[in-house]
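We count ligands from 1, going down the list as the structure has it; atoms in each ligand are counted the same way.
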Amino acid sequence: MHRLVLALALNLIAITSGGQIIDPSKTIVWGPGLFPEIVMRSRYFFLQLVDSNGNNITEVEEKNIDIKVVINSENSGGHSCRIWQQKLNCRDGSFIIRYRLYETCYNFHVIVTINNQTIPKAAIHAEGPIYEEECDCPKLSIHEWLHNSKCPSNYSQISNDLREFPQINFDKMRNKIIKEFSRPQSVSLCHYVIKKNKIYRKCYGDHTGFKVFSDSILLSLTRKLVVPDTEFFMNLGDWPLVGIKGTLYPIFSWCASEDTRDIVLPTYDITESSLENMGRVMLDMLSVQGNTRNPWKRKIEKIFWRGRDSRRERLKLIEISRRHPELFNVSITNFFFFRDEISKYGPGQQAISFFDFFDYKYQLNIDGTVAAYRLPYLLAGDSSVFKQESKYYEYFYHHLVPYEHYVPIKADLSDLVEKIQWAMNNDEETRKIARAGRELMRRVALPQDVFCYYVSLLKEWSERIENSVEVLEGMERVQQPENRCNCPISKDEL
Ligand SMILES: *[C@@H]1O[C@H](CO)[C@@H](O)[C@H](O)[C@H]1NC(C)=O
Ligand SMILES: *[C@@H]1O[C@H](CO)[C@@H](O)[C@H](O)[C@H]1NC(C)=O
Ligand SMILES: *[C@@H]1O[C@H](CO)[C@@H](O)[C@H](O)[C@H]1NC(C)=O
Ligand SMILES: *[C@@H]1O[C@H](CO)[C@@H](O)[C@H](O)[C@H]1NC(C)=O
């Protein structure tokens, strides 16, 4: 009896700075990484700590808590499978566990313990084979993939964008599109065909380097599922292309605006970081949640901003900040567009790590050439975001509610100082905005959400195509990189 009481006491010993007692058995667990058959480079899941009364813990010091993740698995040769794992403390009572497979694994087991107590809901057992991202093994139909990945059944942004395209016949407009957007110095466009799950393209324009981003998401998807035959045009530039007047051409773009009619996709930036987290990319929607240093009360009460001089308002920000130095730590890191004004707005300061931005309570999102592609990362951090009103938007912006997920700022920044003062006088509300921003990003902008968006759009799109999809003259095959993976299906069957 005494022993039992003692054991319980030991298990419940972790106390947060707020005096709450952590009850590991109540931990809330969710995320696609719990289902290792969902193939991603970095598979991730979340832990939300809960106290003995069943309330979410909102602040936790690392020293009070010992989370261990043990992964056991074998490769095809019966040796220990090569896996890299990471634990990210989001400093709000939640943690992210992520792991990357470097080869196909079998007998895959994950056990998570908090202060030596196993979390049953975080236990993973799978016979395998569990494939690595690089494995070219499209085992699933698009419907199976969407179902297994638990993607939303519909997207209002996709429905809106495709409303004017109930059917598509490229035979009637393919050449018109190529002609209309034949402005090689300013427009870079790739014409893609996916047929029998193989990718072909022909690009137009002088600067088509960004095709690596559209290639890499399409290659990744076609390694995992059979994408229906389809055809589309991808704008590689930042500016949307299809004017509000004139012929409505279907063009996929990373960024959209209220005065254009492009079909919006996740930006190349968040696409790349979704594909390459635990790979080539350091800043991604998961790492940004686990690398901030200071809890809210230790953050500096100023607006922090760094960026290029890619829009006039960014210079104006420097001007405003000089009149109110106590409210700002802002600086231009790089002069390119307004190089002749460097003496007035410079000197350019060294860029600092994006993670360090969150030493400050208030973050600013000002457009660059188009929408600033950093917004999802800013929202996922643990500061509150001030967002300039803008006609530009990305695939997820329609979810954003002013004063719920961000503090709105007039396009000309004229109310910026006033809004900072409002935030300083309404600290609890501003903190709530910070939390809600992160929560929203966890629902709509994590890697799995980005993949779901692409696949859902490709599905909707391919269903609308009436012409027969053919590989056209001059198109180049986009090849899968070499991989050693042993996939049981024959690619010729597709
Ligand atoms: C606790 O956290 C989970 C996971 O983020 C969330 O779904 C739930 O709504 C939270 N509960 C409360 C009462 O805030
Ligand atoms: C957890 O278990 C290890 C060994 O089994 C032991 O050394 C350690 O003290 C335990 N920690 C806690 C917090 O109970
Ligand atoms: C879209 O999905 C929501 C829930 O996911 C559902 O309530 C709604 O009816 C769906 N709309 C359409 C048009 O299918
Ligand atoms: C502004 O921020 C940078 C980076 O955190 C810091 O090194 C610098 O001291 C800050 N400047 C002021 C005036 O606080």
Side-chain angles (χ1 to χ4, degrees), residues 16 18 20-34 44-60 65 67 88-97 112 114 119 121-122 150 285-286 288-294 298-307 314 317-334 345-364 378-383 399 404-405 420 424 428 431-446 448-449:
T16 66
Q20 298 154 293
I21 297 172
I22 296 167
D23 182 348
S25 69
K26 293 198 166 80
T27 307
I28 303 170
V29 184
W30 75 98
L34 296 170
Y44 58 90
F45 59 93
F46 288 81
L47 307 175
Q48 168 66 53
L49 302 182
V50 175
D51 73 13
S52 49
N53 296 321
N55 298 316
N56 287 356
I57 290 189
T58 54
E59 231 173 84
V60 65
I65 180 130
I67 297 184
L88 301 169
N89 183 352
C90 305
R91 298 196 185 280
D92 57 0
S94 68
F95 289 77
I96 298 169
I97 312 293
V112 181
I114 299 181
I119 309 303
K121 279 176 258 160
K150 301 180 177 60
M285 290 298 285
L286 301 167
V288 73
Q289 298 183 51
N291 283 286
T292 62
R293 267 189 302 247
N294 289 313
R298 286 211 298 270
K299 290 184 193 296
I300 300 163
E301 278 195 343
K302 284 184 181 182
I303 282 254
F304 189 83
W305 184 86
R306 294 287 183 274
R314 292 181 168 199
L317 170 67
I318 303 300
E319 248 168 58
I320 299 170
S321 75
R322 285 177 180 162
R323 292 199 295 274
H324 302 272
E326 73 286 2
L327 302 180
F328 292 85
N329 186 329
V330 298
S331 162
I332 288 178
T333 47
N334 214 322
Y345 297 104
Q349 285 229 357
Q350 251 195 331
I352 72 161
S353 157
F354 195 78
F355 300 141
D356 295 341
F357 281 36
F358 301 97
D359 289 349
Y360 293 77
K361 264 189 191 172
Y362 316 130
Q363 305 296 326
L364 186 56
L378 287 178
L379 287 165
D382 53 2
S383 301
H399 293 290
E404 186 177 333
H405 305 110
I420 302 170
M424 291 170 84
E428 198 38 53
R431 186 182 184 182
K432 245 162 90 185
I433 291 171
R435 286 207 193 109
R438 170 178 280 185
E439 210 140 283
L440 178 64
M441 291 303 95
R442 286 180 173 184
R443 280 199 289 119
V444 303
L446 298 183
Q448 178 74 340
D449 307 310

Which residue and heavy atom of the protein sit nearest atom 5 (O) of ligand 1, plus the separation: Trp30 CH2, 3.5 Å

Which segment of Arg306 sits under 4.0 Å of ligand 4 when only heavy atoms are counted: side chain

Proximal ligand 1 atoms for Gln48, defined as those under 4.0 Å from one of its heavy atoms: 2 (O)

Arg293 side, atom CZ; Phe358 side, atom CZ - distance, nearest 0.5 Å: 11.5 Å

Atom 9 (O) of ligand 1 protein-contacted, heavy-atom criterion under 4.0 angstrom: no

Under 4.0 Å to a heavy atom of Phe304 - the qualifying atoms of ligand 4, by number: 2 (O)

Numbered atoms and elements of ligand 1 in range of Asn56, under 4.0 angstrom, heavy atoms: 1 (C), 2 (O), 3 (C), 8 (C), 10 (C), 11 (N), 12 (C), 14 (O)

Where ligand 4 meets Asn329 - atom numbers and elements under 4.0 angstrom, heavy-atom basis: 1 (C), 2 (O), 3 (C), 8 (C), 10 (C), 11 (N), 12 (C), 14 (O)

Option passing side chain to side chain contact (heavy atoms under 4.5 Å, CB included) with Val50 (candidates Ile22, Thr27, Ile28, Asp23): Ile28

Any Arg442 side-chain heavy atom under 4.5 Å of Gln289 side chain: yes

Lys121, NZ: over 12 other non-hydrogen atoms inside 6.0 angstrom: yes

Plane angle bin for Phe46 and Tyr44 - parallel if under 30°, tilted between 30 and 60°, otherwise perpendicular: perpendicular

Phe357 side chain reached by Ile352 side chain, heavy atoms, under 4.5 Å: yes

Ligand 1 contact by Phe46, heavy-atom criterion under 4.0 angstrom: no

Protein non-hydrogen atom below 4.0 angstrom of atom 13 (C) of ligand 4 present: no

Residue part near ligand 4, for Tyr360, under 4.0 Å between non-hydrogen atoms: side chain

Intermediate values then yes/no, side chain to side chain donor-acceptor pair (under 3.5 Å), Arg306 and Asn329: CA-CA 9 Å; Arg306 294 287 183 274; Asn329 186 329; 2.9 Å; yes

